[in-house]
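The structure under discussion appears below in the form of C-alpha cells.
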Amino acid sequence: MTKIGLAYLNGAVPGFEDFGNLPTDIVKENGLVNGNKASEELDALIIPGGTLIESNDINMGLNTEIKKMARDGKPIIGICAGFQLLSNQIDIGRKSPVPIVKEGLGLIDVNFSPLITSDRVKAKVFNNSFLVKNQTEDVDGFHTHTYGKVEGDAKPLFYSKVQRMNYGDTNEEGDYNIFSGACNDDGNVIGTMIHGILDENPIIVENLIEQIDIDDLDEIYNRNLEVKKYLQSEVGINTDIKIPAVKSLKKPKYLMIGSNGSDSGKTFILTGLAGAIRKRGYKVALLKVGPDVRDIIPGLYLTKGKMEDFASIKIGHLGWCDIESTVAKLNSSDYDIVLIEGVMSVFTGLLNEKVPFSAAEIAMSSNIPMILASGVNKGGIESAAFDLVSHANMLEKFGVDVKAILLNKVYNDDIFDNVVPYIQNNTNVEKVLKIPKLKNADMRGFIPEVEIRYELFTSYAMELIENNLDIDEIIGMAREVEFNKIYSFEEIKSKVI
C-alpha cells in the first residue's frame, strides 16, 4: 500500500492546503510512522510551510529520516518553510543588525534571506524534475512569506511573477522575477515557495502519482480523510487541546477586528479569538483586509484552516478577492464564524480615490460589525481612549456597528477603570474590554512581521484572550451579513465632511 507522509511538527501549518488530497500518514518529530522509521514506511513525504526553522531543532529525528529518503531516491516535497528546511541555510535576521543564520539539511543547494511577498502568482516552469514533466504552461498558487529570497546553484523549477515585494509594487509587468522553486541533482528532493502547488495544478499531481506508482487512488483519498480528521481533532499542534463535535450555524456570522493604527495587536487578538472559538467546536474562517495574509497564518495554525482564495480582501489593486465575491463564497460555505483582520487604522486609505481602500469601507459595504482595538503602549491608556472615542464616533457616522472597544497591552488597571466611563459617556459603545500587557512580547519570535514562532505566539495569544475576554460574548457580537454596496468616493467625502 502506497504511503505519503505529511510532517506534523511544531510551527507547521499542515491544514493550510490540501496537498492534492494525497497525504495518508502523519509524521511527527521522531520520524516514526506506525512505530516504524519513516524512510522504511513511506513512499513520499510532504513538508508543509510554517515556522519550522524558527520553531524546531534541526537535529530532530525526522531530519535523519528525510536524509535517508533523499538518498533512497524517494520524492520529498518541501513547501515554503519545508523548502527552507531542505536548503543549506536561512538568514532569519530581518530587522536584526546582524544576520541570524539557521542551518538547513543541505539537500538543495540554495540559501534563503529576507524577502516579503503575499501574492497570488503564476510561475514559469523549468523541466528539471519528474514533478514538472509535461507541465508546459505556468503553474498557479500563492506566496506568503517573510524569508523568501532564494539564491544558489540548485536546478531551478519555478520562477514566480509577483506584483509586490517588501510592501512595494514591482513595476515589472511580464517578468518572472522571483526564484521560487528548485530541486537536487536527481530531481527527487523538491522545494518551492508556491503554496497550492499540488492543489491547483493537476499535471503536477499526476506526475507524483505516476512517480510513486499509485494504483488505487480511492484508498489514498480515504486514508487522506482520516489524516484530515486527525488534523481537525486538535487546536494547534502538540497542544492536546481537543476540539468537540463540530457545531454548525445556518449561515456564517462575521466580526471584524479593526483598530486606530498599526501595532494595536490586531493579529494577536485575532489569533487568540480564532483558537478559542475553534476550541468550542465552531469552524472559523480567517480573512485579512488587503494583501498581507501573513497576519492570519498564526490563527490558521490554531484552527488548521485553509488559506482560502478569498482570504485576502481587495482594497484598490491590492489583494486577492473583492468583498462582494468574498461574502458570496462565505455565505455558501460551511464556516460558522468569520473573523476579519483590518489593516492599519480602519480609516487608513479612506480618502484614496481607489474605492474601497480602507477597512472601514469594507465594513460599510456589508454591514460587518466590529471590535475596535488600540494598543496603549505608545501614547498611554488615556490617549488611546481619546483616540478610540473619535474613531468609534466616526465609524457610527459611517453606519459601522462597533460592538466593543478594546484596549490592548493595558499596564495599569486603575487608569483603565478611570477611562471606561469616559468612553461609555462619549460613544454609543457599551462594551469596553481590556487585555493586559504581555511580558516579553517584544522579543524575537513574538513579532509577526519580523520573526515569529507560531507555537509560541499562538499559545500566549490564546491563553491571554481566554483569560481576559468572554468568548461566548464575543461570538454573540458576530452576525450574518449580505453584501450591500461599495460607497463612492463622493459619498465617503460627504460623510467625512
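No hydrogens, no waters, no symmetry mates; every other heavy atom, side chains included, goes into these values. Positions are given from 1 along the sequence.
Contact check for Met165 versus Val162: side-chain heavy atoms found under the 4.5 Å cut-off. Annotation: side chain of Glu361 is not in contact with side chain of Ile315 (no heavy-atom distance under 4.5 Å). When side chains are defined from C-beta on, Phe112 does not count as touching Val101, because their heavy atoms never get closer than 4.5 Å. Within the 4.5 Å cutoff, side-chain heavy atoms of Ile423 are placed close to those of Leu407. Side-chain contact between Val125 and Leu157 is absent, with no heavy atoms from C-beta onward closer than 4.5 Å. A 4.5 Å side-chain heavy-atom check between Ile471 and Lys279 finds every atom pair outside the cut-off. Looking at Lys431 and Met477, their side chains come closer than 4.5 Å, going by heavy atoms from C-beta outward. Side-chain contact between Pro48 and Phe19 is present, with heavy atoms from C-beta onward closer than 4.5 Å.
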Let me see the working for Lys251 and Glu482 under side-chain contact (heavy atoms from CB on, under 4.5 Å), right down to the final yes or no.
CA-CA 11 Å; Lys251 285 182 67 176; Glu482 295 288 346; 2.5 Å; yes
Checking side-chain contact (heavy atoms from CB on, under 4.5 Å) for the pair Gln232/Lys228: CA distance, chi angles, key distance, verdict?
CA-CA 6 Å; Gln232 291 300 322; Lys228 289 180 177 177; 5.6 Å; no
Apply side-chain contact (heavy atoms from CB on, under 4.5 Å) to Val110 and Glu151, showing your working.
CA-CA 5 Å; Val110 296; Glu151 297 177 301; over 6 Å; no
Check against ring-ring contact (aromatic ring centres under 6.0 Å, His included), Phe398 and Tyr487:
CA-CA 10 Å; Phe398 284 125; Tyr487 287 80; 8.4 Å; no
Applying side-chain contact (heavy atoms from CB on, under 4.5 Å), run through Leu438 and Leu464 and close with a yes or a no.
CA-CA 8 Å; Leu438 175 65; Leu464 210 62; 4.2 Å; yes
Does the pair Phe268 and Tyr460 meet the rule for a ring-ring contact (aromatic ring centres under 6.0 Å, His included), with working shown?
CA-CA 9 Å; Phe268 189 86; Tyr460 278 92; 8.2 Å; no
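No option in Asp292, Asp169, Asp119 other than Asp169 meets the salt bridge (charged side-chain N to carboxylate O under 4.0 Å, His left out) test with Arg164. Among Val432, Asn393, Leu395, the single residue meeting the side chain to side chain contact (heavy atoms under 4.5 Å, CB included) criterion with Thr427 is Asn393. Among Val346, Val289, Ile269, Leu372, the single residue meeting the side chain to side chain contact (heavy atoms under 4.5 Å, CB included) criterion with Ile257 is Ile269.
The backbone N or O of Gly196 lies less than 3.5 Å from a partner atom in the side chain of Glu17, making a donor-acceptor pair. Glu234 contributes a side-chain N or O that, together with a main-chain N or O of Asn238, makes up a donor-acceptor pair within less than 3.5 Å. The backbone N or O of Ile116 sits less than 3.5 Å from a side-chain atom of Asn166, completing a donor-acceptor pair. In this structure a side-chain-to-backbone donor-acceptor pair under 3.5 Å is missing from Ser383 to Gly380. The backbone N or O of Ile415 sits less than 3.5 Å from a side-chain atom of Asn412, completing a donor-acceptor pair. With hydrogens and angles disregarded, no donor-acceptor distance shorter than 3.5 Å links the side chain of Thr271 to the backbone of Ala461. In this structure, the side chain of Ser160 does not engage the main chain of Ser180 through any donor-acceptor pair within 3.5 Å. Side-chain atoms of Lys304 come within 3.5 Å of backbone atoms of Gly236 as a donor-acceptor pair (strictly under, hydrogens ignored). For Asn418 (side chain) and Asp414 (main-chain N/O), a donor-acceptor pair under 3.5 Å exists by modelled atom type.
A donor and an acceptor atom, one from each side chain of Asp322 and Ser325, are located under 3.5 Å apart. A side-chain donor-acceptor contact under 3.5 Å links Asn331 and Tyr254. Side-chain contact annotation: Asn21 with Asp199, donor-acceptor N/O pair under 3.5 Å absent. Judged by distance alone, the side chains of His391 and Ser345 do bring a donor and an acceptor atom under 3.5 Å apart. Looking only at atom types and distance, the side chain of Asn260 has a donor-acceptor partner in the side chain of Ser374 under 3.5 Å away. Side-chain contact of Thr267 with Glu341: a donor-acceptor pair under 3.5 Å is present, judged by distance alone. Side-chain polar atoms of Tyr147 and Glu54 form no donor-acceptor pair below 3.5 angstrom. A donor-acceptor contact closer than 3.5 angstrom links the side chains of Glu396 and Asn428.
Between atom CD1 of residue Ile77 and atom CD1 of residue Ile79 there is a gap of 7.0 Å, rounded to the nearest 0.5 Å. With values rounded to the nearest 0.5 angstrom, Met256 atom CE is found 11.0 Å from Lys266 atom NZ. For the atom pair Lys253 NZ and Ile337 CD1, the distance stands at 7.0 Å (nearest 0.5 Å). Between atom OG1 of residue Thr239 and atom OH of residue Tyr301 there is a gap of 8.0 Å, rounded to the nearest 0.5 Å. Atom CG of residue Leu302 and atom CG of residue Leu273 lie 11.0 Å apart, to the nearest 0.5 angstrom. The structure places CZ of Arg278 at 12.5 Å from CG of Leu339, a figure rounded to the nearest 0.5 Å.
Of all heavy-atom pairs spanning Gly299 and Leu286, the tightest one is C-CD1, 3.4 Å. Val205 and Leu22 make their closest contact through CG1-CD1, 4.0 Å (heavy atoms, listed as atom of the first residue, atom of the second, distance). When all heavy atoms of Val400 and Ala360 are compared, the closest pair comes out as CG2-O, 4.2 Å. The two residues Ala12 and Leu52 have their closest heavy-atom pair at CB-CD2, 3.6 Å. Counting all heavy atoms, side chain and backbone alike, Pro23 lies closest to Asp18 at CD-O, 4.0 Å.
Between Phe386 and Tyr422, a ring centre-to-centre spacing shorter than 6.0 Å is recorded.
Salt bridge annotation for Asp91-Lys149: absent, with no cationic side-chain nitrogen under 4.0 angstrom from a carboxylate oxygen. In summary, Lys314 and Glu324 do not engage in a salt bridge, as defined by a charged side-chain N under 4.0 Å from a carboxylate O. Classification of Asp263 and Lys409 as a salt-bridged pair holds, one side-chain N sitting under 4.0 Å from a carboxylate O.
Lys283 forms a cation-pi arrangement with Tyr335, by the criterion of a distance under 6.0 Å to the ring centre and an angle within 45° of the ring axis.
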